[in-house]
Trainee: 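Just passing along the structure, written as structure tokens.
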Amino acid sequence: MPVDPNKLNAFMGKMLNDLGACATGAAVLIGDKLGLYKTLAQAGASTPEALAARTGTAPRYVKEWLAAQAAAGYVDYDAKNSTYSMTPEQQAVFADDQSPTFVAGAFEVLASMFKDEPKISEAFRTGRGVGWHEHSPCLFRGTERFFRAGYAAHLVPEWIPALDGVKAKLEKGATVADVGCGHGASTILMARAFPKSKFVGYDYHQPSVDRANQSAREAGVHERCRFEVSSSKSFPGRDYDLIAFFDCLHDMGDPVGAARHVLQALAADGTWLIVEPFAGDSVQDNLNPVGRIFYAASTMVCVPASLSQEVGMALGAQAGEARLREVVTSGGFKRFRRATATPFNLVFEARP
């Protein structure tokens, strides 16, 4: 078929934007790592020389970095005064790690995708998996930083109240397991919000567990919140009032087996909280900006992780509600419902 020049030009315009985004990503990492965003946000309008002096960096590098950021629309440029600044919206995205819209950590996740591409390419050829632990450490750090912002904004004020009777139990004093906890961001948020309850986080990745225990000590909740190495099908304990899986069920090789173990570990009136990436039930439902990100992450991280484990169901990060319902009910749960949602998350409640 002949090439339509108008369609080609439109597609090349899209590619130009995509290439610009990819090229700017490494500079975002630098700005985040060296404190350039935070310092610019605090200082206000600055010349490259002034920002360099405040951050202990080289002025010529900072000058080029600022120009790149302005071209991307990530900072503003005042041509009259030759200064750069950040709007409140830009600050919320790049400079304030307590903001629910903070995304700088996500660029560490993206960095891991490029670093680990040779492993994933080889997995494409062999069909074998690539375990979570086999990725670059920036994936673990970036995942915590990216997801923590959303959890801080929604977990305590919205998601827990959406579960039947769970908030009252936590306020009175409950036992909670957070499975697949990673660096423990979600666990620690709950521990700080509900001081009468006890929390334990489980993850199979020892370095993540070590980091989570350190974070619990730093947050002052270590006496009620601890972390241990264990898998989703073998974590210890019984009669938990709440078991939580945050953005991890789809990564598991045997999510049905995990569901069976959760059912055995819950109290008779216990609740299983399942948070998963937002997705529709069909590919066409997910052909949008959010689905684009999640499908890419799933290709590079989630599906390889599942395929590295027994069963290797490989749900992927865009499994959708119908598929997740099938997994949970196949594990023996009788009740399953969508409790709430955000543009990035589906939040489910399962009960025996």
Side-chain angles (χ1 to χ4, degrees), residues 100 147-148 150-182 184-202 221 224-225 232-233 235-252 255-281 315 319-352:
F147 282 106
R148 182 176 60 204
Y151 295 162
H154 301 291
L155 173 54
V156 173
E158 298 172 17
W159 296 349
I160 287 177
L163 307 175
D164 290 339
V166 170
K167 182 180 179 182
K169 288 183 180 180
L170 291 171
E171 290 173 338
K172 184 178 180 180
T175 57
V176 181
D178 188 358
V179 180
C181 63
S186 53
T187 331
I188 292 169
L189 281 168
M190 291 188 290
R192 295 178 70 175
F194 301 104
K196 293 184 179 180
S197 292
K198 294 183 178 180
F199 300 84
V200 57
Y202 297 109
V221 297
R224 299 181 295 101
C225 179
S232 61
K233 293 170 59 177
F235 64 88
R238 288 290 185 271
D239 295 324
Y240 288 106
D241 296 296
L242 175 67
I243 296 177
F245 280 44
F246 291 96
D247 291 295
C248 63
L249 184 63
H250 66 272
D251 292 323
M252 296 173 183
V256 175
R260 293 193 185 103
H261 187 66
V262 171
L263 185 62
Q264 295 173 354
L266 273 177
D269 62 345
T271 300
W272 184 14
L273 167 62
I274 306 160
V275 178
E276 281 287 299
F278 191 94
D281 291 327
L315 285 172
E321 183 171 347
R323 189 74 181 94
L324 293 166
R325 178 186 296 274
E326 180 182 347
V327 165
V328 172
T329 56
S330 294
F333 281 83
K334 304 299 183 185
R335 291 174 286 177
F336 176 89
R337 71 177 183 96
R338 184 193 294 202
T340 188
T342 74
F344 291 95
N345 299 102
L346 292 171
V347 180
F348 301 106
E349 177 185 62
R351 290 177 176 269

Trainee: Could you report the tightest heavy-atom contact between Cys181 and Gly201, atom names first, then the distance?
Mentor: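 That closest heavy-atom pairing would be SG-C, 3.7 Å.
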Trainee: Please tell me if the side chains of Leu242 and Leu273 come closer than 4.5 Å, counting only heavy atoms from C-beta onward.
Mentor: yes
Trainee: Show the nearest heavy-atom pair for residues Phe333 and Ala259, with the distance to one decimal.
Mentor: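 So the two residues come closest at CE1-O, 3.3 Å.
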Trainee: Could you pull out all residues at least two apart from Thr342 that satisfy side chain to side chain donor-acceptor pair (under 3.5 Å)?
Mentor: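 Per chain and number, Thr342 pairs via side chain to side chain donor-acceptor pair (under 3.5 Å) with Asn345.
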Trainee: For Arg224, give me all partners under side chain to side chain donor-acceptor pair (under 3.5 Å), at least two apart in sequence or on another chain.
Mentor: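 Partners of Arg224 under the side chain to side chain donor-acceptor pair (under 3.5 Å) test: none.
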Trainee: Could you tell me whether the side chain of Arg337 reaches within less than 4.5 Å of the side chain of Phe348, counting heavy atoms only?
Mentor: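 The answer is no; the side chains never approach within 4.5 Å.
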Trainee: May I ask you to decide whether Glu349 forms a salt bridge with Arg351, counting only side-chain N to carboxylate O separations under 4.0 Å?
Mentor: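 Yes, Glu349 and Arg351 are salt-bridged.
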Trainee: Is there a side-chain contact between Leu170 and Val176 (heavy atoms, below 4.5 Å)?
Mentor: yes
Trainee: Which pair of non-hydrogen atoms, one from Ala339 and one from Leu163, has the smallest distance, and what is that distance?
Mentor: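 It is CB-CD2, 4.0 Å.
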Trainee: Do the side chains of Glu276 and His250 get nearer than 4.5 Å, heavy atoms only?
Mentor: yes
Trainee: State, yes or no, whether a side-chain contact exists between Ile160 and Leu155 at a heavy-atom distance under 4.5 Å.
Mentor: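 Yes - at least one pair of side-chain heavy atoms lies under 4.5 Å apart.
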Trainee: Not counting sequence neighbours, which residues clear side chain to side chain contact (heavy atoms under 4.5 Å, CB included) with Ala152? List them please.
Mentor: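 Checked Ala152 against side chain to side chain contact (heavy atoms under 4.5 Å, CB included); matches are Leu189.
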Trainee: Are Arg338 and Thr340 side-chain neighbours, meaning at least one heavy-atom pair lies under 4.5 Å?
Mentor: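 Arg338 vs Thr340: side chains apart.
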Trainee: Which residues pass the side chain to side chain donor-acceptor pair (under 3.5 Å) test with His261, not counting sequence neighbours?
Mentor: none
Trainee: Output, in order, the C-alpha distance, side-chain angles, deciding distance and verdict of side chain to side chain contact (heavy atoms under 4.5 Å, CB included) for Leu266 and Arg238.
Mentor: CA-CA 6 Å; Leu266 273 177; Arg238 288 290 185 271; over 6 Å; no
Trainee: What is the minimum heavy-atom distance between Ala341 and Phe278, and which atoms define it?
Mentor: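 Result for this residue pair: CB-CE1, 4.3 Å.
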Trainee: Quick one: closest heavy-atom pair of Ala279 and Ala319, and the distance?
Mentor: CB-N, 4.3 Å
Trainee: When you compare the side chain of Pro277 with that of Asp247, does any pair of heavy atoms fall below 4.5 Å?
Mentor: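 They are in contact (side-chain heavy atoms under 4.5 Å apart), so the answer is yes.
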Trainee: Per the ring-ring contact (aromatic ring centres under 6.0 Å, His included) rule, which among Phe245, Phe246, Tyr240 passes with Trp272?
Mentor: Phe245
Trainee: Can you list the steps and then say if Cys225 with Ile188 is a side chain to side chain contact (heavy atoms under 4.5 Å, CB included)?
Mentor: CA-CA 7 Å; Cys225 179; Ile188 292 169; 4.3 Å; yes
Trainee: Could I get the full list of side chain to side chain donor-acceptor pair (under 3.5 Å) partners for Ser232, not counting sequence neighbours?
Mentor: none
Trainee: Does the Asp241 side chain pair with the main chain of Gly270, one donor and one acceptor, at a distance under 3.5 Å?
Mentor: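 Answer holds: no.
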Trainee: What are the two closest heavy atoms between Leu324 and Leu315, and how far apart are they?
Mentor: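 So the two residues come closest at CD2-CD1, 4.3 Å.
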Trainee: In Å and rounded to the nearest 0.5 Å, what is the OG to CD distance from Ser197 to Glu171?
Mentor: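 It comes to 9.0 Å.
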Trainee: Quick one: are Phe336 and Glu321 in side-chain contact, heavy atoms under 4.5 Å?
Mentor: yes
Trainee: Quick one: side-chain hydrogen bond (donor to acceptor under 3.5 Å, both in side chains) pairs with a partner in residues 186-195, sequence neighbours left out?
Mentor: Asp178-Ser186, Asp178-Thr187
